[in-house]
Undergrad: 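I'd like to ask some things about the structure below.
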Number of protein chains: 2
Amino acid sequence: MSTESNHLRKAGLKVTLPRMKILEMLENSETRHLSAEDVYKSLLESGEEIGLATVYRVLTQFETAGLVARHHFEGGHSMFELNEGDHHDHILCVKCGRVDEFMDETIEKRQRQIAQDAGYEITDHSLYIYGICPDCRGKA
Amino acid sequence: MSTESNHLRKAGLKVTLPRMKILEMLENSETRHLSAEDVYKSLLESGEEIGLATVYRVLTQFETAGLVARHHFEGGHSMFELNEGDHHDHILCVKCGRVDEFMDETIEKRQRQIAQDAGYEITDHSLYIYGICPDCRGKA
DNA sequence: ACTACGGATGCAAAAGCTTCTCATTATTAT
DNA sequence: ATAATAATGAGAAGCTTTTGCATCCGTAGT
Ligand SMILES: [Mn+2]
Ligand SMILES: [Mn+2]
Ligand SMILES: [Zn+2]
Ligand SMILES: [Zn+2]
């Protein structure tokens with residue numbers, strides 16, 4: 001029993017070839033953050049004939065199961081990353097699309113306080129910092 | 001010369017009826033945060049025959065001119081609000097869609113520090129807190 | 001006030017991303 | 001192995017947003 005099959009079973013999902021391949025893709029990808037299209041194309045390149053609709057369905061199921069996190073970076077389309085349990089936020093380069101991660105307990109704490117002050121029961125939050133990355137700052 | 005026409009002229013935009021009406025709509029709307037569709041429908045209801053494409057074009061021009069701010073709340077579509085000069089972030093109710101605003105200098109400061117530490121030249125940021133608002137917490 | 005020009009508008013078509021439909025196929029429990 | 005049930009693939013459809021193009025309008029100059 002591979003680790004992947006166990007993850008799927010634990011999530012209450014049948015172990016199918018598309019789900020296994022997509023999970024492997026997310027685990028082994030160079031870039032942690034992938035669009036559905038990215039996953040689909042990478043699978044095609046590695047010879048797997050998996051439909052785009054299936055990629056979308058499976059990623060949504062993974063999200064529901066807590067296996068992946070979905071992000072809405074600027075540009076409209078969803079980006080997915082493997083959920084390794086640790087919450088973090090993102091800082092993105094507007095020139096080259098690079099994505100870095102960070103976690104700041106001061107910010108997290110202030111957010112909880114702000115929600116409380118406003119009378120909200122907080123369920124989630126998203127914080128994106130946009131800028132020009134070190135590599136892109138050099139180039140004209 | 002109305003205030004609106006001056007705003008438009010100052011932004012280098014011709015004073016046209018659609019632009020005037022859209023600007024008025026943003027100024028007088030009950031809810032500060034509107035989608036393009038919201039603006040379009042409200043204009044129809046008040047008897048103005050303005051095309052949806054024009055609403056989108058004008059809102060984008062207003063954004064470029066700094067007259068409005070565009071936000072990407074969860075759900076995908078863009079939301080617009082009049083830019084009153086003051087930066088602020090948002091806390092939204094996932095039940096009823098209510099939107100509240102806040103500004104926290106501690107968070108702003110930490111964001112600048114995080115960008116600097118990562119070597120990024122910060123250009124922008126977006127922070128959304130999601131939760132259940134005071135009104136919705138009572139109801140089952 | 002009249003003209004001429006360039007920009008603005010409206011409509012319909014198209015684009016881009018995502019979801020849905022449905023016939024076919026694969027997985028799981030027995 | 002079989003039956004019951006869920007998953008898949010292909011394409012159609014859905015939504016928001018953008019674009020092409022003919023027509024219209026605002027503006028600057030007369
Ligand atoms: Mn991440
Ligand atoms: Mn606001
Ligand atoms: Zn970069
Ligand atoms: Zn609410």
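So that the names make sense, note that chain A is the first sequence line, chain B the second, and so on, each numbered from 1.
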Undergrad: Roughly, in whole Å, what's the span from CG in B:Leu13 to C1' in D:dC25?
TA: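 After rounding, the gap between these two atoms is 15 Å.
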Undergrad: Just to be sure I understand the rule, does B:Glu37 reach a base, reach only the sugar-phosphate, or reach nothing, if contact means heavy atoms closer than 4.0 Å?
TA: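 Nothing, no heavy atom under 4.0 Å.
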Undergrad: For residues A:His71 and A:His77, establish whether the separation of their ring centroids is below 6.0 Å.
TA: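 Centroid separation for A:His71 and A:His77: 6.0 Å or greater.
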Undergrad: Pair A:Arg19, A:Gln61 - check side chain to side chain contact (heavy atoms under 4.5 Å, CB included), show working.
TA: CA-CA 10 Å; A:Arg19 299 214 256 236; A:Gln61 292 159 345; 2.9 Å; yes
Undergrad: Hey, which of these two, B:Gly75 or B:Val15, hits DNA chain D nearer its 5' end, going by closest nucleotide?
TA: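 Taking each residue's closest nucleotide, the earlier one in sequence belongs to B:Gly75.
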Undergrad: Please assess B:Met20 against B:Val15 for the test side chain to side chain contact (heavy atoms under 4.5 Å, CB included), listing each intermediate value before the final yes or no.
TA: CA-CA 7 Å; B:Met20 289 290 280; B:Val15 179; 3.8 Å; yes
Undergrad: Under 4.0 Å between a side-chain nitrogen and a carboxylate oxygen: does that hold for B:Glu105 and B:Arg112?
TA: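 Judged by the 4.0 Å cut-off on N to carboxylate O distance, B:Glu105 and B:Arg112 do form a salt bridge.
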Undergrad: What contact category does B:Ser78 fall into here, base, sugar-phosphate, or nothing, at under 4.0 angstrom with non-hydrogen atoms?
TA: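 Answer is sugar-phosphate: B:Ser78 comes under 4.0 Å of backbone atoms only.
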Undergrad: What I want to check is whether the side chains of A:Ser35 and A:Asp38 have a donor and an acceptor closer together than 3.5 Å.
TA: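 Checked: A:Ser35/A:Asp38 side chains pair up, N/O donor to acceptor below 3.5 Å.
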Undergrad: Find the distance between CZ (A:Arg110) and CG (A:Asp117) and round it off to the nearest 0.5 Å.
TA: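 The CZ atom of A:Arg110 sits 7.0 Å away from the CG atom of A:Asp117.
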Undergrad: Quick one: how far along DNA chain C does chain B reach, first to last nucleotide 5' to 3', anything under 4.0 Å to a heavy atom?
TA: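 The footprint of chain B covers C:dG6 to C:dA12.
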Undergrad: Starting from P on D:dC15, measure out to NZ on B:Lys41 and report it in whole angstrom.
TA: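 Computing the B:Lys41:NZ to D:dC15:P distance gives 11 Å.
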Undergrad: Closer to the 5' end of DNA chain C via nearest nucleotide, is it A:Leu17 or B:Thr54?
TA: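 The residue closer to the strand's 5' end, by nearest nucleotide, is B:Thr54.
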Undergrad: Polar pairs (N or O, both sides) under 3.5 Å between protein and nucleotides 2-6 of chain D?
TA:
unit_1: D:dA6; atom_1: O4'; unit_2: A:Lys14; atom_2: NZ; d: 3.1

Undergrad: Report all interatomic pairs (protein N or O, nucleotide N or O of nucleotides 18-22 of chain D) with separations under 3.5 Å.
TA:
unit_1: D:dG20; atom_1: O6; unit_2: B:Arg57; atom_2: NH1; d: 3.3

Undergrad: Can you tell me how far P of D:dA10 sits from CD1 of A:Ile50, to the nearest Å?
TA: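 It works out to 11 Å between those atoms.
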Undergrad: Does A:Val94 belong to the same Ile/Leu/Val/Met/Phe/Trp/Tyr cluster as A:Val99, with side-chain heavy atoms less than 4.5 Å apart forming each link?
TA: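 Result: yes, single cluster for both.
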Undergrad: side-chain hydrogen bond (donor to acceptor under 3.5 Å, both in side chains) for B:Tyr120 and A:Asp100? Distances and angles first, verdict last.
TA: CA-CA 10 Å; B:Tyr120 278 69; A:Asp100 285 296; 2.7 Å; yes
Undergrad: Taking OH from B:Tyr40 and P from D:dT16, how many angstroms apart are they, rounded to a whole number?
TA: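 It is 13 Å, rounded to the nearest whole Å.
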Undergrad: Please find out if less than 6.0 Å separates the ring center of B:Phe73 from that of B:His90.
TA: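 Yes: the rings meet the under 6.0 Å criterion.
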Undergrad: Set out, in order, the CA-CA distance, both residues' side-chain angles and the distance that settles side chain to side chain contact (heavy atoms under 4.5 Å, CB included) for A:Glu74 and B:His72, then state yes or no.
TA: CA-CA 8 Å; A:Glu74 208 126 46; B:His72 301 279; 3.4 Å; yes
Undergrad: Evaluate the side-chain proximity of A:Leu67 to A:Leu82: yes if any heavy-atom separation is below 4.5 Å, no if none is.
TA: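 Answer no - side chains too far apart.
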